[in-house]
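Notes follow once the structure below has been shown.
In what follows, chains are A, B, ... by sequence order, proteins preceding strands, each numbered from 1.
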2 protein chains.
Amino acid sequence: MERQDLRKAGLKITLPRLKVLEILENSKQRHLSAEDVYKALLEMGEEIGLATVYRVLTQFEGAGLVSRLNIDGGHAVFELDDGDHHDHLFCVNCNRIIEFYDEVIEQRQRAIAESNGFEMTDHSLYIYGVCNREECKKER
Amino acid sequence: MERQDLRKAGLKITLPRLKVLEILENSKQRHLSAEDVYKALLEMGEEIGLATVYRVLTQFEGAGLVSRLNIDGGHAVFELDDGDHHDHLFCVNCNRIIEFYDEVIEQRQRAIAESNGFEMTDHSLYIYGVCNREECKKER
DNA sequence: GCTGTAAATGATAAGGCTTTTCATTTAGTA
DNA sequence: TACTAAATGAAAAGCCTTATCATTTACAGC
(Lines give C-alpha, C1' and ligand atoms only; values in the text may rest on other atoms or scores of the structure.)
Protein backbone atom coordinates (compact mmCIF):
# COMPACT_ATOMS: atom_id res chain seq x y z
CA MET A 1 0.00 0.00 0.00
CA GLU A 2 1.50 3.24 -1.08
CA ARG A 3 1.13 6.97 -0.95
CA GLN A 4 0.03 6.60 -4.56
CA ASP A 5 -3.07 4.74 -3.46
CA LEU A 6 -4.09 7.71 -1.36
CA ARG A 7 -3.44 10.10 -4.22
CA LYS A 8 -5.52 8.02 -6.60
CA ALA A 9 -8.37 8.14 -4.13
CA GLY A 10 -8.15 11.91 -4.08
CA LEU A 11 -6.98 11.92 -0.50
CA LYS A 12 -4.22 14.14 0.72
CA ILE A 13 -1.23 12.42 2.17
CA THR A 14 -1.49 13.16 5.84
CA LEU A 15 0.16 11.70 8.86
CA PRO A 16 -3.06 10.19 10.25
CA ARG A 17 -3.75 8.41 6.97
CA LEU A 18 -0.23 7.09 6.64
CA LYS A 19 -0.22 5.86 10.20
CA VAL A 20 -3.57 4.14 9.89
CA LEU A 21 -2.33 2.39 6.77
CA GLU A 22 0.79 1.38 8.63
CA ILE A 23 -1.27 -0.15 11.43
CA LEU A 24 -3.44 -2.05 8.99
CA GLU A 25 -0.40 -3.41 7.20
CA ASN A 26 1.76 -4.27 10.16
CA SER A 27 -0.71 -5.38 12.77
CA LYS A 28 -0.51 -8.97 13.91
CA GLN A 29 -4.24 -9.30 13.50
CA ARG A 30 -5.60 -8.76 10.06
CA HIS A 31 -9.02 -7.70 11.33
CA LEU A 32 -9.22 -4.56 13.42
CA SER A 33 -12.02 -2.45 14.82
CA ALA A 34 -11.77 1.33 14.72
CA GLU A 35 -11.05 1.18 18.42
CA ASP A 36 -8.25 -1.35 17.82
CA VAL A 37 -6.66 0.96 15.29
CA TYR A 38 -7.02 3.89 17.64
CA LYS A 39 -5.33 2.01 20.47
CA ALA A 40 -2.55 0.80 18.22
CA LEU A 41 -1.91 4.39 17.21
CA LEU A 42 -1.70 5.43 20.84
CA GLU A 43 0.79 2.64 21.47
CA MET A 44 2.90 3.98 18.62
CA GLY A 45 2.80 7.34 20.32
CA GLU A 46 0.56 8.89 17.69
CA GLU A 47 -2.16 11.04 19.18
CA ILE A 48 -4.77 10.71 16.49
CA GLY A 49 -8.39 11.29 17.39
CA LEU A 50 -10.89 8.46 17.27
CA ALA A 51 -13.13 10.51 14.99
CA THR A 52 -10.27 10.74 12.53
CA VAL A 53 -9.74 7.01 12.68
CA TYR A 54 -13.38 6.43 11.81
CA ARG A 55 -13.24 8.99 9.04
CA VAL A 56 -10.06 7.61 7.56
CA LEU A 57 -11.28 4.04 7.64
CA THR A 58 -14.52 5.03 5.96
CA GLN A 59 -12.61 6.90 3.28
CA PHE A 60 -10.31 3.94 2.77
CA GLU A 61 -13.36 1.77 2.38
CA GLY A 62 -14.73 4.14 -0.23
CA ALA A 63 -11.41 4.04 -2.02
CA GLY A 64 -11.42 0.25 -2.01
CA LEU A 65 -8.33 0.06 0.15
CA VAL A 66 -10.17 -1.50 3.05
CA SER A 67 -13.22 -3.72 3.61
CA ARG A 68 -15.65 -3.37 6.43
CA LEU A 69 -17.08 -6.48 8.08
CA ASN A 70 -20.24 -6.43 10.14
CA ILE A 71 -20.04 -9.21 12.64
CA ASP A 72 -23.43 -10.15 14.06
CA GLY A 73 -24.88 -7.26 15.91
CA GLY A 74 -21.49 -6.10 17.06
CA HIS A 75 -19.24 -3.35 15.87
CA ALA A 76 -17.55 -3.07 12.50
CA VAL A 77 -14.18 -4.63 11.78
CA PHE A 78 -11.82 -3.54 9.02
CA GLU A 79 -9.31 -5.42 6.92
CA LEU A 80 -6.99 -4.44 4.11
CA ASP A 81 -8.61 -5.08 0.76
CA ASP A 82 -6.10 -6.93 -1.35
CA GLY A 83 -8.53 -7.35 -4.19
CA ASP A 84 -9.63 -10.93 -3.65
CA HIS A 85 -13.07 -11.35 -2.29
CA HIS A 86 -13.56 -13.82 0.51
CA ASP A 87 -16.01 -14.68 3.25
CA HIS A 88 -15.43 -15.30 6.93
CA LEU A 89 -15.57 -17.97 9.58
CA PHE A 90 -15.93 -16.43 13.01
CA CYS A 91 -15.15 -18.19 16.29
CA VAL A 92 -17.85 -17.20 18.74
CA ASN A 93 -15.55 -18.10 21.61
CA CYS A 94 -12.22 -16.44 20.85
CA ASN A 95 -13.39 -14.08 18.07
CA ARG A 96 -10.80 -15.50 15.70
CA ILE A 97 -11.61 -14.84 12.07
CA ILE A 98 -10.68 -17.19 9.25
CA GLU A 99 -11.13 -16.26 5.63
CA PHE A 100 -12.35 -18.56 2.92
CA TYR A 101 -13.48 -18.46 -0.65
CA ASP A 102 -15.77 -20.95 -2.31
CA GLU A 103 -16.57 -20.67 -5.96
CA VAL A 104 -19.57 -22.97 -5.70
CA ILE A 105 -21.18 -20.69 -3.14
CA GLU A 106 -20.35 -17.65 -5.22
CA GLN A 107 -22.02 -19.17 -8.25
CA ARG A 108 -25.11 -20.21 -6.36
CA GLN A 109 -25.46 -16.73 -4.96
CA ARG A 110 -25.30 -15.20 -8.39
CA ALA A 111 -27.88 -17.68 -9.63
CA ILE A 112 -30.20 -16.99 -6.72
CA ALA A 113 -29.97 -13.24 -7.18
CA GLU A 114 -30.71 -13.60 -10.86
CA SER A 115 -33.63 -15.96 -10.46
CA ASN A 116 -35.21 -13.48 -8.07
CA GLY A 117 -34.74 -10.60 -10.45
CA PHE A 118 -32.05 -9.01 -8.35
CA GLU A 119 -29.04 -7.17 -9.65
CA MET A 120 -26.59 -8.24 -6.99
CA THR A 121 -24.43 -5.46 -5.60
CA ASP A 122 -22.85 -7.24 -2.69
CA HIS A 123 -23.20 -10.13 -0.35
CA SER A 124 -22.05 -11.11 3.07
CA LEU A 125 -21.62 -14.59 4.43
CA TYR A 126 -20.51 -15.36 7.94
CA ILE A 127 -20.20 -18.82 9.37
CA TYR A 128 -20.26 -18.76 13.16
CA GLY A 129 -18.91 -21.57 15.25
CA VAL A 130 -16.34 -22.79 17.70
CA CYS A 131 -12.84 -23.14 16.35
CA ASN A 132 -10.36 -25.91 16.99
CA ARG A 133 -8.24 -24.24 19.63
CA GLU A 134 -8.14 -26.25 22.80
CA GLU A 135 -9.55 -23.42 24.90
CA CYS A 136 -12.44 -23.07 22.51
CA LYS A 137 -13.19 -26.74 22.06
CA LYS A 138 -13.66 -27.00 25.80
CA GLU A 139 -16.56 -24.62 25.50
CA ARG A 140 -18.42 -26.84 23.11
CA MET B 1 -48.17 -19.53 17.79
CA GLU B 2 -49.87 -20.16 21.05
CA ARG B 3 -49.92 -19.28 24.69
CA GLN B 4 -48.34 -22.68 25.15
CA ASP B 5 -45.23 -21.53 23.35
CA LEU B 6 -44.80 -18.79 25.89
CA ARG B 7 -45.33 -21.20 28.77
CA LYS B 8 -42.77 -23.60 27.38
CA ALA B 9 -40.28 -20.79 27.21
CA GLY B 10 -40.88 -20.07 30.88
CA LEU B 11 -42.49 -16.75 30.07
CA LYS B 12 -45.61 -15.54 31.80
CA ILE B 13 -48.57 -14.89 29.58
CA THR B 14 -48.88 -11.16 29.58
CA LEU B 15 -50.72 -8.74 27.44
CA PRO B 16 -47.58 -7.21 25.93
CA ARG B 17 -46.29 -10.63 24.91
CA LEU B 18 -49.58 -11.71 23.40
CA LYS B 19 -49.92 -8.47 21.50
CA VAL B 20 -46.38 -8.62 20.14
CA LEU B 21 -47.03 -12.15 18.95
CA GLU B 22 -50.25 -10.99 17.35
CA ILE B 23 -48.40 -8.27 15.45
CA LEU B 24 -45.74 -10.67 14.25
CA GLU B 25 -48.37 -13.09 13.03
CA ASN B 26 -50.78 -10.70 11.42
CA SER B 27 -48.56 -8.01 10.01
CA LYS B 28 -48.53 -7.59 6.28
CA GLN B 29 -44.77 -7.50 6.32
CA ARG B 30 -43.03 -10.54 7.64
CA HIS B 31 -39.93 -8.61 8.71
CA LEU B 32 -40.33 -5.97 11.37
CA SER B 33 -37.97 -3.83 13.38
CA ALA B 34 -38.61 -3.26 17.07
CA GLU B 35 -39.78 0.20 16.12
CA ASP B 36 -42.18 -1.26 13.56
CA VAL B 37 -43.69 -3.51 16.19
CA TYR B 38 -43.95 -0.63 18.62
CA LYS B 39 -45.77 1.52 16.08
CA ALA B 40 -48.10 -1.30 15.12
CA LEU B 41 -48.98 -1.69 18.78
CA LEU B 42 -49.76 2.00 19.06
CA GLU B 43 -52.01 1.73 16.01
CA MET B 44 -53.87 -1.10 17.73
CA GLY B 45 -54.32 1.19 20.67
CA GLU B 46 -51.95 -0.76 22.90
CA GLU B 47 -49.69 1.49 24.90
CA ILE B 48 -46.73 -0.79 25.32
CA GLY B 49 -43.33 0.72 25.99
CA LEU B 50 -40.55 0.44 23.46
CA ALA B 51 -38.28 -1.10 26.09
CA THR B 52 -40.81 -3.84 26.58
CA VAL B 53 -40.96 -4.48 22.87
CA TYR B 54 -37.19 -4.91 22.76
CA ARG B 55 -37.25 -7.14 25.83
CA VAL B 56 -40.06 -9.30 24.52
CA LEU B 57 -38.49 -9.70 21.09
CA THR B 58 -35.18 -10.68 22.65
CA GLN B 59 -36.93 -13.21 24.86
CA PHE B 60 -38.81 -14.60 21.90
CA GLU B 61 -35.54 -14.95 20.09
CA GLY B 62 -34.09 -16.84 23.03
CA ALA B 63 -37.13 -19.08 23.04
CA GLY B 64 -36.73 -19.78 19.35
CA LEU B 65 -40.04 -18.16 18.46
CA VAL B 66 -38.42 -15.38 16.51
CA SER B 67 -35.26 -14.82 14.47
CA ARG B 68 -33.24 -11.66 14.44
CA LEU B 69 -31.69 -10.45 11.20
CA ASN B 70 -28.83 -8.02 11.16
CA ILE B 71 -28.97 -6.11 7.95
CA ASP B 72 -25.67 -4.48 7.06
CA GLY B 73 -24.84 -1.78 9.50
CA GLY B 74 -28.46 -1.02 10.14
CA HIS B 75 -30.87 -1.98 12.85
CA ALA B 76 -32.15 -5.43 13.68
CA VAL B 77 -35.21 -6.90 12.03
CA PHE B 78 -37.33 -9.71 13.45
CA GLU B 79 -39.35 -12.47 11.83
CA LEU B 80 -41.40 -15.35 13.18
CA ASP B 81 -39.32 -18.50 13.34
CA ASP B 82 -41.37 -21.22 11.74
CA GLY B 83 -38.60 -23.73 12.02
CA ASP B 84 -37.26 -23.71 8.50
CA HIS B 85 -33.97 -22.02 8.08
CA HIS B 86 -33.55 -19.66 5.17
CA ASP B 87 -31.33 -16.83 4.04
CA HIS B 88 -32.21 -13.41 2.68
CA LEU B 89 -32.04 -11.26 -0.38
CA PHE B 90 -32.23 -7.59 0.51
CA CYS B 91 -33.11 -4.79 -1.88
CA VAL B 92 -30.81 -1.89 -1.11
CA ASN B 93 -33.26 0.49 -2.73
CA CYS B 94 -36.69 -0.36 -1.28
CA ASN B 95 -35.53 -2.54 1.63
CA ARG B 96 -37.67 -5.43 0.46
CA ILE B 97 -36.57 -8.75 1.84
CA ILE B 98 -36.92 -12.03 -0.02
CA GLU B 99 -36.22 -15.35 1.61
CA PHE B 100 -34.48 -18.25 -0.04
CA TYR B 101 -33.01 -21.60 0.81
CA ASP B 102 -30.31 -23.35 -1.13
CA GLU B 103 -29.19 -26.79 -0.12
CA VAL B 104 -25.99 -26.58 -2.13
CA ILE B 105 -24.92 -23.51 -0.21
CA GLU B 106 -25.88 -25.11 3.07
CA GLN B 107 -23.77 -28.15 2.28
CA ARG B 108 -20.77 -26.14 1.22
CA GLN B 109 -20.97 -24.12 4.41
CA ARG B 110 -20.98 -27.26 6.51
CA ALA B 111 -18.02 -28.58 4.57
CA ILE B 112 -16.08 -25.34 4.94
CA ALA B 113 -16.71 -25.20 8.67
CA GLU B 114 -15.59 -28.77 9.06
CA SER B 115 -12.47 -28.45 6.96
CA ASN B 116 -11.42 -25.50 9.12
CA GLY B 117 -12.00 -27.40 12.33
CA PHE B 118 -15.06 -25.37 13.22
CA GLU B 119 -18.14 -26.67 14.95
CA MET B 120 -20.68 -24.53 13.19
CA THR B 121 -23.28 -22.94 15.45
CA ASP B 122 -24.91 -20.61 13.01
CA HIS B 123 -24.43 -18.74 9.81
CA SER B 124 -25.81 -15.71 8.09
CA LEU B 125 -25.93 -15.00 4.42
CA TYR B 126 -27.29 -11.83 2.92
CA ILE B 127 -27.34 -11.05 -0.76
CA TYR B 128 -27.68 -7.33 -1.38
CA GLY B 129 -28.90 -5.93 -4.63
CA VAL B 130 -31.55 -4.04 -6.52
CA CYS B 131 -34.84 -5.85 -6.95
CA ASN B 132 -37.03 -5.96 -10.01
CA ARG B 133 -39.57 -3.36 -9.06
CA GLU B 134 -39.73 -0.60 -11.63
CA GLU B 135 -38.89 2.10 -9.09
CA CYS B 136 -35.84 0.15 -8.03
CA LYS B 137 -34.61 -0.79 -11.48
CA LYS B 138 -34.51 2.89 -12.34
CA GLU B 139 -31.91 3.36 -9.66
CA ARG B 140 -29.53 0.90 -11.24
C1' DG C 1 10.50 28.56 -0.54
C1' DC C 2 6.29 31.26 0.58
C1' DT C 3 1.12 31.95 0.36
C1' DG C 4 -3.52 30.98 -0.11
C1' DT C 5 -7.25 27.91 -0.04
C1' DA C 6 -9.53 23.84 0.23
C1' DA C 7 -9.18 19.78 2.74
C1' DA C 8 -8.18 17.42 7.05
C1' DT C 9 -8.04 17.16 11.92
C1' DG C 10 -9.43 16.97 16.89
C1' DA C 11 -12.54 17.59 20.62
C1' DT C 12 -16.88 17.40 21.64
C1' DA C 13 -21.54 16.98 20.95
C1' DA C 14 -25.11 14.60 18.87
C1' DG C 15 -27.33 10.50 16.79
C1' DG C 16 -29.51 5.96 16.37
C1' DC C 17 -30.48 1.83 18.22
C1' DT C 18 -30.62 -0.94 22.20
C1' DT C 19 -30.19 -2.20 27.07
C1' DT C 20 -30.38 -0.95 32.09
C1' DT C 21 -32.34 0.82 36.00
C1' DC C 22 -35.73 0.94 39.38
C1' DA C 23 -40.14 1.84 41.20
C1' DT C 24 -44.70 0.05 40.17
C1' DT C 25 -47.82 -3.40 38.48
C1' DT C 26 -49.19 -8.04 37.34
C1' DA C 27 -49.47 -13.24 36.67
C1' DG C 28 -50.01 -17.30 38.66
C1' DT C 29 -49.50 -20.14 42.61
C1' DA C 30 -50.49 -21.49 47.43
C1' DT D 1 -57.56 -14.00 48.03
C1' DA D 2 -52.83 -13.03 49.24
C1' DC D 3 -48.16 -13.51 48.22
C1' DT D 4 -43.93 -13.44 45.54
C1' DA D 5 -41.36 -13.53 41.66
C1' DA D 6 -41.62 -11.86 37.22
C1' DA D 7 -42.92 -8.23 34.03
C1' DT D 8 -43.64 -3.54 32.79
C1' DG D 9 -42.92 1.50 31.72
C1' DA D 10 -40.39 5.67 31.73
C1' DA D 11 -36.30 7.45 31.74
C1' DA D 12 -31.51 7.22 31.85
C1' DA D 13 -27.48 5.21 30.29
C1' DG D 14 -24.58 2.59 26.84
C1' DC D 15 -22.28 1.66 22.74
C1' DC D 16 -20.66 2.53 18.42
C1' DT D 17 -20.51 5.87 14.97
C1' DT D 18 -21.17 10.35 12.64
C1' DA D 19 -21.67 15.47 12.63
C1' DT D 20 -20.15 20.00 14.01
C1' DC D 21 -16.99 23.60 13.91
C1' DA D 22 -12.94 26.01 15.03
C1' DT D 23 -8.10 25.16 14.13
C1' DT D 24 -4.43 23.16 11.53
C1' DT D 25 -2.31 21.26 7.44
C1' DA D 26 -1.22 19.76 2.58
C1' DC D 27 0.02 21.20 -1.63
C1' DA D 28 -0.74 24.03 -5.94
C1' DG D 29 0.73 28.20 -7.80
C1' DC D 30 3.60 32.20 -7.50
Side-chain angles (χ1 to χ4, degrees), chain A residues 2-23 31-42 44-63 65-79 95, chain B residues 2-23 31-42 44-63 65-79 95:
Chain A
E2 305 281 331
R3 301 165 89 91
Q4 301 311 328
D5 295 309
L6 295 180
R7 284 244 169 65
K8 280 182 211 154
L11 300 173
K12 286 185 179 174
I13 294 171
T14 63
L15 190 135
R17 286 177 181 148
L18 290 173
K19 291 298 175 187
V20 170
L21 267 187
E22 195 178 324
I23 298 286
H31 302 89
L32 299 165
S33 67
E35 190 77 28
D36 291 336
V37 172
Y38 175 67
K39 284 183 190 156
L41 288 166
L42 286 183
M44 284 175 84
E46 299 294 342
E47 307 242 332
I48 292 170
L50 183 56
T52 299
V53 173
Y54 273 103
R55 254 185 314 236
V56 168
L57 288 170
T58 300
Q59 291 160 340
F60 284 4
E61 187 191 12
L65 302 176
V66 151
S67 302
R68 181 191 302 251
L69 312 187
N70 293 294
I71 305 297
D72 245 20
H75 50 289
V77 174
F78 299 84
E79 65 180 12
N95 293 357
Chain B
E2 306 279 331
R3 300 164 89 91
Q4 301 310 329
D5 295 308
L6 294 180
R7 283 243 169 67
K8 280 182 209 151
L11 300 172
K12 286 184 181 175
I13 294 172
T14 63
L15 190 135
R17 286 178 183 147
L18 291 174
K19 290 299 176 187
V20 170
L21 267 187
E22 195 178 325
I23 299 288
H31 301 90
L32 299 166
S33 68
E35 191 77 29
D36 290 336
V37 173
Y38 175 67
K39 283 182 190 156
L41 288 166
L42 286 183
M44 284 175 83
E46 300 293 341
E47 306 243 332
I48 292 170
L50 183 55
T52 299
V53 173
Y54 273 103
R55 255 186 312 237
V56 167
L57 288 170
T58 300
Q59 291 159 340
F60 284 4
E61 185 191 12
L65 302 177
V66 151
S67 303
R68 180 191 302 251
L69 312 188
N70 292 294
I71 304 297
D72 244 18
H75 50 291
V77 173
F78 299 84
E79 65 180 11
N95 294 356

Euclidean distance, atom [atom1] of residue [X] to atom [atom2] of [N] [Å, nearest integer]:
X: B/Leu11; N: C/dG28; atom1: CG; atom2: P; result: 11 Å
X: B/Arg3; N: C/dG28; atom1: CZ; atom2: C1'; result: 12 Å
X: A/Leu18; N: D/dC27; atom1: CG; atom2: C1'; result: 14 Å
X: A/Leu50; N: D/dC16; atom1: CG; atom2: P; result: 10 Å
X: A/Tyr38; N: D/dC15; atom1: OH; atom2: P; result: 16 Å
X: B/Glu47; N: C/dT24; atom1: CD; atom2: P; result: 20 Å
X: B/Leu57; N: C/dT18; atom1: CG; atom2: P; result: 10 Å
X: A/Lys19; N: C/dG10; atom1: NZ; atom2: P; result: 13 Å

Out of [options], whichever nucleotide has its closest atom nearest the side chain of [X]:
X: B/Ile13; options: C/dG28, D/dC27, D/dA7; value: C/dG28
X: B/Lys12; options: C/dT18, D/dA5, C/dA8; value: D/dA5
X: B/Ala51; options: C/dA8, D/dA7, D/dA11; value: D/dA11
X: B/Pro16; options: C/dG10, D/dC27, D/dG9; value: D/dG9
X: A/Thr52; options: C/dT9, C/dA27, D/dC16; value: C/dT9
X: A/Arg17; options: C/dG28, D/dC27, C/dA8; value: C/dA8

OP1 or OP2 of C/dA7 less than 4.0 angstrom from a side-chain nitrogen or oxygen of A/Thr14, does that happen here? no

Is any side-chain N or O of A/Tyr54 closer than 4.0 Å to OP1 or OP2 of D/dT17? yes

Is there a donor on the side chain of B/Arg55 or the base of C/dT21 sitting less than 3.5 Å from an acceptor on the other? yes

Can you work out whether B/Val53 or A/Arg68 has the more 5'-proximal nearest nucleotide on DNA chain D? B/Val53

From [atom1] ([X]) to [atom2] ([Y]), nearest 0.5 Å:
X: B/Ile71; Y: A/Asn70; atom1: CD1; atom2: CG; value: 11.0 Å
X: A/Tyr54; Y: A/Gln59; atom1: OH; atom2: CD; value: 14.5 Å
X: A/Leu41; Y: A/Glu22; atom1: CG; atom2: CD; value: 9.0 Å

Looking only at heavy atoms, what is the nearest atom pair of A/Phe60 and A/Arg17, with distance? CZ-O, 3.7 Å

Kindly give the heavy-atom pair with the smallest separation between A/Tyr38 and A/Ile48, and that separation in Å. CE1-O, 3.0 Å

Any base atoms under 4.0 Å from B/Glu35, or only sugar-phosphate, or nothing? Heavy atoms, all strands. nothing

For A/Leu15, report the nucleic acid contact type (base, sugar-phosphate, nothing); a contact means any heavy atom under 4.0 Å.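 Result for A/Leu15 = nothing.
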
